[in-house]
Structures are given as structure tokens and as C-alpha cells.
Amino acid sequence: MNIKPIKTFALLGSFAAALLIQPAAQAETPYQVDGNKVDKATFGGWKIYKRQRCETCHGPSGEGAAAFPNLLNSLKNLDKTAFTEVVLNGRNAMPAFKDNKAVADGIDGLYAFLKGRSDGAIPAGELQEMP
Ligand code: HEC
């Protein structure tokens with residue numbers, strides 16, 4: 001009896017599974033977080049959120065206020081394309097940021113930061129960049 005081919009198949013199977021799972025997991029979480037430390041792009045997004053005054057309307061960490069949407073809820077429904085569209089082009093009382101270079105260039109990190117907040121993975125308050 002020769003069991004080698006079966007072992008080989010099992011091995012190939014787990015490789016295939018690993019290959020399939022990895023890109024999907026990366027697509028779902030555009031940020032890396034460990035406590036209050038986040039990856040460079042997400043850290044940049046947090047800085048933009050504060051410096052470009054998203055926080056004056058949407059609250060210090062995205063929770064919103066009376067007349068302003070809670071972005072932690074919004075990001076459960078908005079995908080990155082829809083997020084980019086509303087932030088760059090504006091909508092009603094939401095200003096358009098397409099002429100703001102920091103926001104336009106940093107939109108990936110901004111999305112990653114707010115997605116992480118929305119997922120409950122990134123804490124409110126001060127963040128640090130991962131070494
Ligand atoms: C002057 C206040 C103000 C500022 C500054 C502001 N927003 Fe908004 N934002 C709003 C309002 C009001 C809405 C709701 C728009 C509507 O009624 O359609 C909104 C909507 C949004 C939405 C869509 C929410 C949803 O549920 O569809 C996103 C995403 C968003 N803002 C992100 C940002 C980001 C990121 C920044 C900073 C770059 C920012 N906003 C700055 C007022 C503001």
C-alpha cells in the first residue's frame with residue numbers, strides 16, 4: 001500500500017487554502033493594530049482625521065454629533081469606493097475634500113483608520129505608529 005499520494009494531496013490542499021484565505025483577510029482589514037499602535041498608513045489617516053478637521057463635525061474619534069453622522073456606523077455600510085466618493089465630492093452639508101491634497105493623497109489611510117474604529121479594533125484617543 002502506498003499512502004504517499006494521499007499525503008501529497010493533503011499538503012497541496014492546505015497550501016491552496018492558505019493562499020485563498022490570505023488575500024481575502026487582507027482585503028477585509030486595511031489596517032494593522034496592536035493595542036493603540038497602528039501601521040504607518042492608518043496612523044497617517046488618524047493624523048489627517050484630526051488635522052483636516054473631520055473631527056470638528058464627526059467627533060474626536062468618529063462617533064458623530066447631533067447633525068453629523070456617526071462614522072463608526074457609516075463605515076459598516078460604506079465600502080471604500082462609496083467612502084472615497086462622499087469624502088472627495090461632498091454631499092449636502094458634508095464639504096468636498098477633493099482639492100485638499102492631504103485628504104486626497106491620504107484617503108487610503110483615512111479609510112483604514114475609520115474602518116478600524118468602526119470594527120471596534122482601533123481604540124479611541126491617542127494612537128502610535130508601529131515601529
Ligand atoms: C463641516 C462639517 C463636516 C466636516 C468638516 C466633515 N464632514 Fe463628513 N459629513 C458631514 C455631514 C453633515 C454629513 C452628512 C451628509 C448628508 O446629509 O448627506 C457628512 C457625511 C460624511 C460621510 C458619509 C456618511 C454616511 O453615512 O453616508 C463620510 C464618510 C464623511 N462625512 C467623512 C468625513 C471625513 C473623512 C471628513 C474629513 C476629511 C469629514 N467627513 C469632514 C459634515 C462634515
Side-chain angles (χ1 to χ4, degrees):
M1 196 170 77
N2 184 356
I3 56 164
K4 258 193 188 154
I6 297 172
K7 273 194 176 164
T8 310
F9 264 118
L11 211 61
L12 280 176
S14 39
F15 271 129
L19 285 174
L20 284 174
I21 288 164
Q22 225 177 3
Q26 279 173 355
E28 276 166 25
T29 47
Y31 52 85
Q32 285 173 33
V33 58
D34 179 13
N36 74 337
K37 293 190 178 64
V38 295
D39 65 276
K40 188 179 166 68
T42 303
F43 184 73
W46 172 65
K47 290 276 183 199
I48 292 169
Y49 184 84
K50 295 173 79 70
R51 287 186 186 149
Q52 305 304 322
R53 310 216 157 270
C54 311
E55 68 170 3
T56 53
C57 291
H58 294 284
S61 306
E63 313 83 347
F68 304 110
N70 178 331
L71 297 180
L72 310 191
N73 289 337
S74 298
L75 275 267
K76 296 196 195 310
N77 303 313
L78 290 180
D79 64 11
K80 192 172 159 194
T81 308
F83 172 83
T84 303
E85 157 76 24
V86 66
V87 174
L88 296 187
N89 297 325
R91 200 179 66 208
N92 301 318
M94 164 71 190
F97 282 87
K98 61 176 178 297
D99 295 330
N100 180 319
K101 193 169 157 47
V103 173
D105 290 352
I107 198 86
D108 288 357
L110 195 49
Y111 174 76
F113 164 64
L114 288 168
K115 184 69 181 162
R117 289 284 305 128
S118 173
D119 289 349
I122 297 178
E126 295 289 307
L127 297 180
Q128 289 175 16
E129 189 177 335
M130 279 174 175

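Indexing begins at 1, ligand by ligand and atom by atom, following the structure's order. Because the structure is predicted, anything quoted here is derived from the model rather than measured. When a residue number appears, it is its place in the shown sequence, counting from 1.
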**Message:** Check this for me - ligand 1, His58, N or O atoms closer than 3.5 angstrom, yes or no?
**Reply:** yes
**Request:** List the closest protein heavy-atom neighbour of atom 18 (O) of ligand 1: residue, atom name, distance to the nearest 0.1 Å.
**Result:** Arg91 NE, 2.7 Å
**Request:** Within a distance under 4.0 Å of any heavy atom of Cys57, pick out the atoms of ligand 1 and give their elements.
**Result:** 1 (C), 2 (C), 3 (C), 4 (C), 5 (C), 42 (C), 43 (C)
**Message:** One residue to check: Pro95. Relative to ligand 1, which of side chain, backbone, both or neither has a non-hydrogen atom less than 4.0 Å away?
**Reply:** side chain
**Message:** Can you confirm whether Asn100 sits close enough to Gln52 that some side-chain heavy atom of one is under 4.5 Å from a side-chain heavy atom of the other?
**Reply:** yes
**Prompt:** Which ligand 1 atoms are under 4.0 Å away from a heavy-atom of Phe83?
**Reply:** 29 (C)
**Request:** Provide, to 0.1 Å, the distance between atom 28 (C) of ligand 1 and the closest protein heavy atom, together with that atom's residue and name.
**Result:** Leu71 CD2, 3.5 Å
**Identity and separation of the nearest protein heavy atom to atom 19 (C) of ligand 1** = Met94 CB, 3.3 Å
**Message:** Looking only at distances, can you tell me whether any N or O atom of Ser74, backbone or side chain, sits closer than 3.5 Å to an N or O atom of ligand 1?
**Reply:** yes
**Over 12 foreign heavy atoms within 6.0 Å of NZ, Lys50** = yes
**Request:** Evaluate side-chain hydrogen bond (donor to acceptor under 3.5 Å, both in side chains) for Asn36 paired with Glu126, printing each intermediate quantity in order.
**Result:** CA-CA 7 Å; Asn36 74 337; Glu126 295 289 307; over 6 Å; no
**Prompt:** Less than 4.5 Å apart, any side-chain heavy atom of Glu63 and any of Leu72?
**Reply:** yes
**Message:** Quick check: Trp46 with Tyr49 (ring centres under 6.0 Å apart)?
**Reply:** no
**Asked** Taking NZ, NE, NH1 and NH2 as the nitrogens, is one of them in Lys76 or Asp119 under 4.0 Å from a carboxylate oxygen of the other?
**Response** no
**Request:** Under 4.0 Å from a heavy atom of Val86: give me the atoms of ligand 1 that qualify, with their elements.
**Result:** 22 (C), 23 (C), 28 (C), 29 (C)
**Asked** Do any nitrogen or oxygen atoms of Asn92 come within less than 3.5 Å of a nitrogen or oxygen of ligand 1?
**Response** yes
**Asked** Just one of Tyr111, Phe97, Phe113 clears the ring pair (Phe, Tyr, Trp, His ring centres under 6.0 Å) bar with Phe83, so which one?
**Response** Tyr111
**Asked** What's the shortest distance from atom 37 (C) of ligand 1 to any protein heavy atom, and which residue and atom give it?
**Response** Cys54 SG, 1.8 Å
**Message:** Taking 4.0 angstrom as the limit and counting only heavy atoms of Pro69, give me the atoms of ligand 1 inside it, by number and element.
**Reply:** 11 (C), 13 (C), 14 (C), 19 (C), 20 (C)
**Request:** Would you name the heavy atoms of Leu71 and Ser118 that are closest together and state the gap between them?
**Result:** O-CB, 4.5 Å
**Which of the ligand 1 atoms, numbered from 1, are nearer than 4.0 Å to a heavy atom of Val87** = 32 (C), 35 (C)
**Prompt:** Nearest 0.5 Å, what's the OG1-NZ distance between Thr29 and Lys115?
**Reply:** 10.0 Å
**Asked** Which heavy atom in Ala112 sits nearest to a heavy atom in Ile122, and how many Å separate them?
**Response** O-CD1, 4.2 Å
**Request:** Report the part of Leu78 in contact with ligand 1, treating N, CA, C, O as backbone and CB onward as side chain, heavy atoms under 4.0 Å; options are side chain, backbone, both, neither.
**Result:** side chain
**Fill in**
Within 4.0 Å of some non-hydrogen atom of Ala93, the atoms of ligand 1 are 12 (C), 42 (C)
**Request:** Mark up the atoms of ligand 1 that fall under 4.0 Å of a heavy atom belonging to Leu110, in ascending order.
**Result:** 35 (C)
**Asked** Hey, is Leu75 touching ligand 1 through its side chain, its backbone, both or neither, going by heavy atoms under 4.0 Å?
**Response** neither
**Prompt:** So with a 6.0 Å cut-off around NZ of Lys101, is the heavy-atom count from everything else above 12?
**Reply:** no
**Numbered atoms of ligand 1 (with element) below 4.0 Å of Arg53, judged on heavy atoms** = 5 (C)
